[in-house]
Amino acid sequence: MVDAVAVQLDVAVRRQFRGGPLITGSFEMPVERPQVTVLFGPSGSGKTTLLRCVAGLERPDDGRVAYGDDVWSDTATGQWVPPQRRRIGFLDQDYALFPRRTVTGNVAFGLRRLSAQQQRSRVAELLERFGLTDLAARRPGQLSGGQRQRVALARALAPNPRLLMLDEPLSALDAPTRRSLRTELRSLLMRTGVPSLLVTHDRAEALALGDRMMVVIDGRIVQTGSVEQVFGRPANQKVAAAVGVENVLSGRITERRDGLAAIDVGGCRLVAVDSGTEDSDVLACFRAEEVLLRLADSQVGESARNHLPATVIDLARDGPLFRVSLDCGFQMSALVTVPARDEMSLRPGSQVVAVLKAPSIHLVPRPTEGRRDPAALAPGSPD
């Protein structure tokens, strides 16, 4: 018996802007279950262009977009399916609600081919699902940011799309509202039962909303994987910077033994899990939250491989935490809670030990002049 082939979205496109950047993208996205795939990268990297090419709102100069057996665009054959026939729900960053229509009128907008009774039934179902029934007669100007988001999402889902696309869905909101709505939006996306492709440049949103992630830098997809894989094991220095890996240290592997690698970083020794790279010149990448601080004179036993005597250079607020800059012979960052800072009486000049486990350090080849960027070898990157 032959196994059924999983349905997926296949994209391989190129878009050249006159006098501007070349945007390329090649990826496959499973669409059989309601997972959220995030297109992540800095502003201007090409994320929205790729999203619009998939949606049919932008014509690629070259390439192909297909959903399962349905080819949506193919420049080689001239095939082109307009956006309205792709059965895509699209949520723009400003929501684009009709200001003179009520909530009911906005949600019903894409249902004109249904009978009046079918429209009423579908709208009532969506208003109830998204907690909008009591707001049915209001207009967008009478709604909060979160309520407008739910209306826009209900409108996008009304025609039963097979794919939902969201372009910076929280960017139009103020920072406190964005933070409060991340969890709600994730819950809503899971409840829709529709796979989603979402664009964001915000690291917290990518972590809160995504299952899988594609990192776009300088017009190219440079790494693909689960959100945890990309944030924990960036493919290169640019990806590490994009996903906010605070510690990226230039070093050289001096010894390999029993699956571990010893790295010389500015004359200091770090031990990491050996990544298997053939290069001895590497970047040792690890997140600030992976670093545990203890006082230099404490006798706490640790199983971690790395115990680095350090001097506190500076402390700065980072949301509810404190970011601690350290001098270990090289500079690195750690994060501590307010109680931990107070308990250790941390201040510039304090002597501490930075404790770091070997599996927390991810090694990538260090780019050198004339050598191809290792991101070109990352899964999901274009040729």
Side-chain angles (χ1 to χ4, degrees), residues 9 29-40 47-48 51 54-55 86-98 101-111 119 121-214 226-228:
L9 175 70
M29 172 183 160
V31 289
E32 291 189 312
R33 57 191 180 91
Q35 70 173 3
V36 180
T37 300
V38 174
L39 275 169
F40 175 84
K47 310 179 298 296
T48 293
L51 189 77
V54 174
R86 298 189 184 192
R87 286 186 54 202
I88 286 176
F90 195 90
L91 186 63
D92 209 344
Q93 53 188 283
D94 61 3
Y95 305 147
L97 297 175
F98 301 108
R101 287 177 176 261
T102 63
V103 169
T104 294
N106 270 280
V107 175
F109 179 76
L111 302 176
Q119 289 185 39
S121 176
R122 179 62 174 157
V123 170
E125 173 194 343
L126 288 165
L127 294 183
E128 181 177 358
R129 182 191 301 181
F130 291 111
L132 297 167
T133 303
D134 293 341
L135 307 175
R138 293 191 187 181
R139 289 179 168 78
Q142 300 171 300
L143 303 175
S144 69
Q147 290 167 343
R148 288 195 296 272
Q149 181 190 82
R150 281 185 276 151
V151 174
L153 189 55
R155 184 179 65 179
L157 291 168
N160 284 313
R162 49 186 171 179
L163 180 63
L164 182 62
M165 311 184 79
L166 305 94
D167 186 9
E168 301 277 6
L170 299 175
S171 64
L173 306 173
D174 59 80
T177 305
R178 281 202 306 273
R179 286 193 293 269
S180 67
L181 288 181
R182 284 173 194 148
T183 302
E184 179 181 356
L185 179 57
R186 168 69 185 181
S187 176
L188 291 173
L189 292 176
M190 290 296 95
R191 281 159 46 197
T192 65
V194 179
S196 304
L197 182 60
L198 182 148
V199 161
T200 185
H201 68 277
D202 187 283
R203 298 165 191 156
E205 287 175 19
L207 282 165
L209 298 174
D211 297 297
R212 292 188 59 77
M213 186 169 169
M214 294 178 282
S226 71
V227 170
E228 292 78 10

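Heavy-atom basis, side chains included; hydrogens, waters and symmetry copies ignored.
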Next on the checklist: Set out, in order, the CA-CA distance, both residues' side-chain angles and the distance that settles side-chain contact (heavy atoms from CB on, under 4.5 Å) for Phe40 and Val227, then state yes or no.
Outcome noted: CA-CA 10 Å; Phe40 175 84; Val227 170; over 6 Å; no

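- To the nearest 0.5 angstrom, Leu9 atom CG is 6.5 Å from Met29 atom CE.
- No side-chain heavy atom of Asp202 sits less than 4.5 Å from a side-chain heavy atom of Leu170.
- Side-chain contact between Thr183 and Ser187 is absent, with no heavy atoms from C-beta onward closer than 4.5 Å.
- For the atom pair Leu39 CG and Met213 CE, the distance stands at 10.0 Å (nearest 0.5 Å).
- Across all their heavy atoms, Gly89 and Pro161 have their closest contact at N-CB, 3.3 Å.
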Checklist entry - Would Val103 and Leu143 satisfy side-chain contact (heavy atoms from CB on, under 4.5 Å), going step by step from the backbone distance to the final call? => result CA-CA 9 Å; Val103 169; Leu143 303 175; 3.8 Å; yes

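- For Arg191, there are no salt bridge (charged side-chain N to carboxylate O under 4.0 Å, His left out) partners, not counting sequence neighbours.
- Between the CZ atom in Arg186 and the CD atom in Glu205 there is a gap of 13.5 Å [rounded to 0.5 Å].
- Side-chain contact between Leu197 and Met214: present, with at least one pair of heavy atoms (C-beta onward) separated by less than 4.5 Å.
- With sequence neighbours left out, the side-chain hydrogen bond (donor to acceptor under 3.5 Å, both in side chains) criterion links Arg129 to Glu125.
- Inter-residue side-chain proximity for Glu184 and Leu181 is flagged as met; some heavy-atom pair is nearer than 4.5 Å.
- Listed for the Arg122 side chain is a donor-acceptor partner under 3.5 Å among the backbone atoms of Ala158.
- Asn106 contributes a side-chain N or O that, together with a main-chain N or O of Arg101, makes up a donor-acceptor pair within less than 3.5 Å.
- In this structure, Tyr95 contributes its side chain and Arg150 its backbone to no donor-acceptor pair below 3.5 Å.
- The side-chain heavy atoms of Leu188 and Phe130, taken from C-beta on, include a pair separated by under 4.5 Å.
- In this structure, CG on Leu185 lies 7.0 Å from CG on Leu198, to the nearest 0.5 angstrom.
- Closest approach of Pro159 and Ala156 over heavy atoms only: CD-O, 3.6 Å.
- In this structure, Arg86 contributes its side chain and Val54 its backbone to a donor-acceptor pair below 3.5 Å.
- Side chain of Thr192 to backbone of Val194: a donor-acceptor contact under 3.5 angstrom is found.
- Contact record, Ala152 with Leu91: CB-CD1, 3.1 Å, taken as the closest heavy-atom pair.
- For the pair Leu209/Leu166, no side-chain contact is recorded, criterion being any heavy-atom separation below 4.5 Å from C-beta on.
- Leu111 contributes atom CG, which lies 8.0 Å from atom CG of Leu126 (distance to the nearest 0.5 angstrom).
- Here the closest non-hydrogen pair linking Val123 and Ala108 is CG2-CB, 3.7 Å.
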Item to check | side-chain contact (heavy atoms from CB on, under 4.5 Å) evaluation trace for Leu207 with Arg182 | outcome: CA-CA 10 Å; Leu207 282 165; Arg182 284 173 194 148; over 6 Å; no

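- Note that CD of Gln142 and OG1 of Thr102 are 10.0 Å apart. Values are rounded to the nearest 0.5 Å.
- Looking at every heavy atom in both residues, Val38 comes nearest to Gly210 through CG2-CA, 3.6 Å.
- Side-chain contact check for Asp211 versus Met190: some heavy-atom pair is nearer than 4.5 Å.
- Put simply, the side chain of Arg212 never gets that close to the backbone of Gln35: no donor and acceptor are under 3.5 Å apart.
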